[in-house]
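Here is the structure we will look at.
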Amino acid sequence: MASLAQELSAAAGAAFEAVGLEARFGDVRRSDKPELADFQCNGAMAAAKLAGRNPREIAGEIAAALKVHPLVLSAEVAGPGFINLRVSDGALSTRAEAVRGDAMAGAEKAADAQVTVIDFGGANVAKPMHVGHLRSAVIGDTLQRLLRFLGDTVISDVHLGDWGLQMGHLVTELEDEQPGLVYFDAGFTGPYPAQSPVTIEDLGRLYPQASNKAKADEARNERSQKAVAEMQAGRAGYRALLRHFIDVSVEALKVDYGFLNVSFDLWKGESDVDHLIADLVERFKTAGLAEQSDGAWIVHVAKESDKKEMPPVMLVNSRGGTGYHTTDLATIEDRMATLKPAPERMLYVVDQRQALHFEQVYRAAGLLGLIEEARLEHIGFGTVNGPDGKPFKTREGGVLRLADLNAMALDEATKKIEAAGKLPEDMGEDERLAVARQVAVAALRFSDLMNTRMTNYVFDLDRFTSFEGKTGPYLLYAAVRVKSVLRKAAEAGHLPGAVSVHEEAERALVLQLDGFGGALLGSREKRMPHILCEHLYSLAQAFSAFYGALPIASEPDAGKRASRLALADAVRHQLETGLGLLGITVPERM
RNA sequence: GACUCCGUAGCUCAGCUGGAUAGAGCGCUCGCCUUCUAAGCGAGUGGUCGCAGGUUCAAAUCCUGCCGGGGUCGCCA
């Protein structure tokens, strides 16, 4: 559904064209001077420069054309050539009703919907997730929700790290602890037991144990390397162990992701594309793209136009093993071959430090013709740092596990809810826990998503579990308050009716509602969830101001009351829809 | 050294396809619960937009150089 801003832009664009100028100058935005105007158009000044004309004169012509538009109350030229627009109360009323009744809460689908794979999560087998994993999880999940909402066909894939040196560490360390297991008997012909010989706790212990030994002892490291090579070469016992490691890990990962409302369509991993690697490597060789260097097979991906040094892709290392360059390439091939419909775009929501890696992989994929390079996008993000500007560590110097962060947020939310004492006495324990979880998830997801994607940010536990100010719980609170007002009004027999906007607070609220679609499309185009966060926060603020300034359910005049209830309902609808895209659900009470 | 991200209020950050007195939150100071959830609202406090040039009628925004910080730069992923 077209917004007022879009309709005005179209009208202004047509006016520019009518005087022989480009329609793009007609871009109309919310005014940054609410006391002067509802909307503004600044295009006359840029247009005047190009046309060599007087900007005020052009602005005057555009304003004159806009004055007769049905939505427009007034159109005036100010300063060097700003066009200030006021829309009529009737136009705002109609718009509010449209938002309230629209399945997309006033937004429009993207014009260029695409089949899009989103690769995010960054989880590894046997390694518990830490706070650094929060970003990829919530940014990726929000993008998948957002893109789906706007019409893209999305396939999400966790793309587990299950094929590297860590597997060698695990296998060898387990062999040291339990050498008698059948998995280590090269002569065993199977079948292997269905029950895993290790638990997630075992894995959490074995990995750091082995990793530390390997760092200190080169021979120990070599053993792990050798085990990886054997596993990759197909040693059955090792493969069977890998299957157990993955299954046990995925079960644990689903708990942490599930808490945060993060989900994936595919739980594939690097190991799933192993069968494609030999052929892929061969094709790079026969195409003349791969060459030998220092015992390894590499692919040169540098271009003449490069300003920076571009190291080659490591296709096969000097020990005959393959790393994540190769598995990433094989994964692209696998997705193109097996997913229906075939992907038109792939987004990788991974730490910005991987930028060079992805650029290399994308170039190599383009060279071999797996997919056009430009269809692969790295959605990088900054690291989560401690107060000292370095990657976050706990006071004890260790990393903070995501599971612990989740638990801390839940604990804070529980305390806060009890202190507020607004839940009904008869609410059961399960329901209270569910509300606490909703508040905790809102706090965690919003505090991450509100940050601009690219910048590093300082992790501050107090801020992540804070419930006041620009936080997820503030938004939930606003939404819950709307629901509460609507519920009580309905109980008293008062229902929303026709909208008739008059007051300043009402106008401001509708103008804010009008910006939803633009915020969504902007978030999608830039892959920046914080744009949506900003919109929803401003909407919650506008509602809170409206709520404070005017009676809603308690308004004595029946017509005004019905109108304000309808406005409140439009806000509820858009807030719930928008928060849903952030992976945040709204309780009935809190 | 090359490339990349960043430098805006005491703190954490928006704004950067150039536009009108640079915005939030936290903090601090006031005021507001006998009417709809005060996790709230209103008012105030607080800024040489890293520095220096340049382009422009107009620069936090574009260009150049410098200073400061994070990150990456072929066999862990």
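Computed from a predicted model, the values in this text were never measured in an experiment. Side chains are part of it too, since the values below use all heavy atoms of this structure and drop only hydrogens, waters and symmetry mates.
The CG atom of A:Asp462 sits 19 Å away from the P atom of B:rG25 (whole-angstrom rounding). One interatomic measurement links the two molecules: CE of A:Met454 to P of B:rU72, which rounds to 14 Å at whole-angstrom precision. The nearest whole Å value for the distance from the CD atom in A:Glu359 to the P atom in B:rC5 is 11 Å. Spacing between atom NZ of A:Lys226 and atom P of B:rC75 amounts to 23 Å, rounded to whole angstrom units.
Ion pairing between a basic and an acidic side chain is recognised when a charged N comes within 4.0 Å of a carboxylate O; A:Glu468 and A:Lys416 show such pairing. A salt bridge links A:Glu230 with A:Lys226: at least one charged nitrogen is closer than 4.0 Å to a carboxylate oxygen. A:Arg572 and A:Glu576 are joined by a salt bridge, as a carboxylate oxygen and a charged side-chain nitrogen come within less than 4.0 angstrom of each other. A salt bridge links A:Glu173 to A:Arg220: one of the charged nitrogens lies within less than 4.0 Å of a carboxylate oxygen. The pair A:Asp217-A:Arg223 fails the salt-bridge criterion, with no side-chain N (NZ, NE, NH1 or NH2) lying under 4.0 Å from an Asp/Glu carboxylate O.
Nucleotides B:rC33 and B:rG25 have their C1' atoms positioned 24 Å apart, rounded to a whole Å. Spacing of C1' atoms, B:rC3 relative to B:rC49, comes out at 26 Å, to the nearest Å. Spacing between B:rG19 and B:rC13 at atom P, rounded to whole Å, works out to 24 Å. As rounded to the nearest Å, B:rC16 and B:rA43 have P atoms that lie 25 Å from one another. Taking the P atoms as reference points, B:rA20 lies 15 Å from B:rC62, given to the whole Å. The separation of B:rG47 from B:rC11, taken at their C1' atoms, amounts to 14 Å, rounded to a whole angstrom. With C1' as the reference atom, B:rG46 and B:rU29 are 12 Å apart, rounded to whole Å. Atom C1' of B:rG68 sits at a distance of 10 Å from the matching atom of B:rC51, rounded to the whole Å.
Between A:Phe120 and A:Phe381, the distance from one ring center to the other does not fall under 6.0 angstrom. For A:Tyr537 and A:Tyr474, the distance between ring centers is under 6.0 angstrom.
No engagement by A:Glu555 is indicated, since no non-hydrogen atom pair under 4.0 Å with the nucleic acid exists. Residue contacts for A:His530: at a heavy-atom cut-off of 4.0 Å it reaches the sugar-phosphate backbone alone, with no base atom in range. At a threshold of 4.0 angstrom between heavy atoms, the contacts of A:Met590 include nucleobase atoms, whether or not backbone atoms are also involved. Residue contacts for A:Leu356: at a heavy-atom cut-off of 4.0 Å it reaches the sugar-phosphate backbone alone, with no base atom in range.
Residue-to-nucleotide proximity on RNA chain B shows that, of A:Gln225 and A:Gln352, the 5′-proximal contact is made by A:Gln352. Residues A:Ile417 and A:Glu309 both approach RNA chain B. Their nearest nucleotides, taken by heavy-atom distance, put A:Glu309 toward the 5′ side.
In the set B:rC75, B:rG70, B:rG25, the nucleotide with an atom closest to the side chain of A:Asp294 is B:rC75. Residue A:Arg353 places its side chain closer to B:rU72 than to any other of B:rG70, B:rU72, B:rU37. The listed nucleotides are B:rU21, B:rC76, B:rU37; the one nearest the side chain of A:Leu165 is B:rC76.
Between the base of B:rA24 and the side chain of A:Glu534 there is no donor-acceptor pair shorter than 3.5 Å. One donor-acceptor pair, N or O on each side, does fall under 3.5 Å between the base of B:rA20 and the side chain of A:Asn84. Put simply, the side chain of A:Ser293 and the base of B:rG74 share a donor and an acceptor less than 3.5 Å apart. Residue-to-nucleotide contacts include a donor-acceptor pair under 3.5 Å from the side chain of A:Ser318 to the base of B:rC75.
The number of heavy atoms from other shown groups lying within 6.0 Å of CZ (A:Arg29) does not exceed 12. Shown here is A:Glu525, whose CD atom has no more than 12 heavy atoms of other residues, nucleotides or ligands within 6.0 Å. Annotation: A:Glu304, atom CD; neighbour count of heavy atoms from other residues, nucleotides and ligands within 6.0 Å does not exceed 12.
Base orientation of B:rC33: syn (glycosidic angle within 90° of 0).
Contact between the side-chain N/O atoms of A:Tyr474 and the OP1/OP2 oxygens of B:rC41 is found at a separation under 4.0 Å.
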Could I get a table of every N or O pair under 3.5 Å where one atom is in the protein and the other is in nucleotides 16-19 of chain B?
none

Q) For RNA chain B, what is the dot-bracket line, given that a base pair needs Watson-Crick (N1 to N3, plus N6-O4 or O6-N4) or G-U wobble (N1-O2 and O6-N3) geometry with both distances under 3.5 Å, and | means paired with another strand? A) (((((((..((((.....[...))))((((((.......))))))....(((((..]....))))))))))))....
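Donor-acceptor pairing under 3.5 Å is recorded for the side chains of A:Gln40 and A:Asp32.
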